[in-house]
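A, B, ... follow the sequence lines: proteins, then strands. Residue 1 opens every chain. Keep in mind that the numbers below use all heavy atoms, side chains included, and drop hydrogens, waters and symmetry copies.
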Number of protein chains: 2
Amino acid sequence: MSDGSRIRVLSVDDHPLMREGIAAIVNSRPDMNIVAQAATGAEAVGTYRLHRPDVVLMDLRLPDMSGIDALVRIRAEFADARVIILTTFEGDVEIQRALKAGARGYLLKSSPPDELVQAIRHVHAGKKGIPSHVAAHLAEHMSDEDLTEREVEVLRHVAEGNRNRDIAEKLFISEETVKVHLKHIMDKLGASDRTQAVAIAVRRGIIQL
Amino acid sequence: MSDGSRIRVLSVDDHPLMREGIAAIVNSRPDMNIVAQAATGAEAVGTYRLHRPDVVLMDLRLPDMSGIDALVRIRAEFADARVIILTTFEGDVEIQRALKAGARGYLLKSSPPDELVQAIRHVHAGKKGIPSHVAAHLAEHMSDEDLTEREVEVLRHVAEGNRNRDIAEKLFISEETVKVHLKHIMDKLGASDRTQAVAIAVRRGIIQL
DNA sequence: CCGCCCATACCACGATAGTGGGATAAAAAG
DNA sequence: CTTTTTATCCCACTATCGTGGTATGGGCGG
């Protein structure tokens with residue numbers, strides 16, 4: 001089969017070993033191959049411009065920016081870019097953000113190779129390539145109330161071990177307001193105290209330690 | 001070069017993509033090759049018995065047990081087993097535990113491929129294969145006081161959002177004792193409150209959410 | 001235009017957490 | 001065998017947190 005009919009794939013991941021594994025899988029299929037690789041978000045954007053791949057496999061954790069940011073930048077220039085997020089499980093919030101940002105698929109690095117090539121084929125064909133178990137996991141929290149930006153900001157300070165008073169000073173608001181935010185945070189996350197709120201938020205990918 | 005003179009490597013990782021990448025790297029060198037792979041701890045032990053590889057590349061997170069447990073089991077049967085821990089960064093506590101358990105090397109999955117093959121050669125030659133930056137990171141916390149088992153147990157309950165009183169009941173001790181443990185925990189970790197203690201412990205790999 | 005969400009703020013009260021000191025006993029380390 | 005560590009308990013006191021209710025102003029969607 002000539003290269004012209006193959007699905008041209010760009011792999012973005014800062015782990016060389018993982019890139020190697022992805023390349024081995026993709027190149028072993030007759031209908032697709034890796035045309036370029038990138039290790040950072042900036043590199044990904046530049047490489048996309050240069051090669052215009054059919055499908056991008058994008059890691060979420062990159063040295064210079066989030067994979068979602070890189071995704072947004074690529075789609076700002078090329079609205080028809082087809083990007084599959086490929087990551088170790090981060091929590092459902094990341095998945096939602098990625099899909100909102102225009103990702104066509106979301107795949108875990110722990111997935112079997114066949115699922116990866118299937119997703120590439122699906123996305124290239126114009127479908128959405130989201131495995132059923134991920135979709136199920138997604139549905140579970142879809143209706144959940146999201147934290148507001150301010151609430152996330154407060155929660156980050158809480159995770160740092162700041163007292164309400166300190167957070168108030170840093171955000172130039174009153175301690176009472178911080179308490180209100182924290183109350184809402186705990187209510188939304190179903191946490192009984194600030195500590196559990198942080199734990200849940202980390203698990204869900206809302207904040208990272 | 002004949003197979004007889006090659007370093008025989010066993011790769012243990014539950015991520016097929018990562019296994020593929022490791023295999024590609026190792027098999028691309030003339031002096032080593034992958035003789036077997038395993039996706040679980042139990043599988044790793046069985047496969048070791050069968051193949052007696054020269055070097056084992058062991059992931060820390062496995063479906064059935066910790067990579068450290070698998071390492072311990074292998075070394076219980078084969079005291080001269082040479083195992084390199086290969087993992088995404090988990091926190092320095094894991095590194096220490098792995099080395100104490102007899103790991104000959106500790107490598108991050110984000111390492112460049114050359115570092116991996118170097119580590120394999122070093123360990124096979126009888127040396128310890130620990131990259132300098134990992135060693136440096138290790139030294140930083142070597143002198144740090146470790147939490148006792150009981151303290152870790154208490155901290156886990158704290159991370160779940162339990163109040164001191166609840167923790168006391170669950171552990172069949174008084175609330176005052178819980179407070180004492182928590183005081184020691186915060187002192188050792190340098191945390192100002194229970195929330196930061198949990199955050200630090202998660203970063204250091206002492207507990208996992 | 002009206003209602004809802006968001007961020008802000010204040011007050012009061014009870015609950016929980018954190019500090020400091022002192023104490024006992026068993027186990028581990030030296 | 002002595003010292004140190006670990007785990008346990010109690011008390012008293014202060015600091016901080018979490019809850020409830022109420023309120024104001026801006027922004028956004030219906």
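Following rounding to the nearest Å, Leu182(A) (CG) and dT16(C) (C1') show an atom-to-atom distance of 14 Å. The CD1 atom of Ile185(A) sits 12 Å away from the P atom of dC6(C) (whole-angstrom rounding). Spacing between atom CD of Gln196(A) and atom P of dA17(C) amounts to 12 Å, rounded to whole angstrom units. Rounded to an integer number of Å, the gap from Asp193(B) CG to dG18(D) C1' is 14 Å. The interatomic distance linking His181(A) (NE2) with dA9(C) (P) rounds to 8 Å, in whole Å. Taking atom CG of Asn162(A) as the reference point, atom C1' of dC17(D) lies 15 Å away to the nearest angstrom. Residue Phe172(B) contributes atom CZ, which lies 12 Å from atom P of dC9(D) at whole-angstrom precision. One interatomic measurement links the two molecules: CD of Glu175(A) to P of dC17(D), which rounds to 7 Å at whole-angstrom precision.
Counting only heavy atoms from C-beta on, Ile173(A) has its side chain closest to dA9(C) among dA9(C), dG18(D), dA17(C). Of the candidate nucleotides dT8(D), dA17(C), dG18(D), dA17(C) has the atom nearest to the side chain of Lys179(B). Here the side chain of Glu176(B) is nearest to one of dC11(D), dA15(C), dC11(C), namely dC11(D). When distances are taken from the side chain of Arg163(B) to each of dA7(D), dT16(D), dA17(C), the shortest belongs to dA17(C). Among the nucleotides dC17(D), dA7(D), dC9(D), the one closest to the side chain of Arg194(A) is dC17(D). Closest to the Met186(A) side chain, of the nucleotides dT19(C), dC9(D), dG18(D), is dG18(D).
Within the nucleic acid shown, Lys183(B) comes within 4.0 Å of sugar-phosphate atoms alone, with no base atom in reach, counting heavy atoms only. Thr148(A) comes within 4.0 angstrom of sugar-phosphate atoms only, judged by non-hydrogen atoms across all strands, and of no base. Counting any heavy atom pair closer than 4.0 Å across all strands shown, Ser174(B) reaches sugar-phosphate atoms only and no base atom.
For the pair Glu151(A) (side chain) and Leu147(A) (backbone), a donor-acceptor distance under 3.5 Å is absent. Judged by distance alone, with hydrogens and angles left aside, the side-chain atoms of Asn162(A) form a donor-acceptor pair with the main-chain N or O of His157(A) at under 3.5 Å. In terms of modelled atom types and a separation under 3.5 Å, the side chain of Ser192(A) and the main chain of Gly161(B) share a donor-acceptor contact.
When the side-chain nitrogen and oxygen atoms of Asn164(B) are compared with OP1 and OP2 of dA17(C), one or more of them lie within a distance under 4.0 Å. Close to dT6(D), at under 4.0 Å from its OP1 or OP2, lies no side-chain N or O of His184(B).
Residues Glu151(B) and Ser192(A) both approach DNA chain D. Their nearest nucleotides, taken by heavy-atom distance, put Glu151(B) toward the 5′ side.
For the pair Ile34(A)/Arg19(A), no side-chain contact is recorded, criterion being any heavy-atom separation below 4.5 Å from C-beta on.
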Stepwise side chain to side chain contact (heavy atoms under 4.5 Å, CB included) test for Arg150(A) and Leu171(A): CA-CA 10 Å; Arg150(A) 197 56 157 172; Leu171(A) 298 183; 3.9 Å; yes
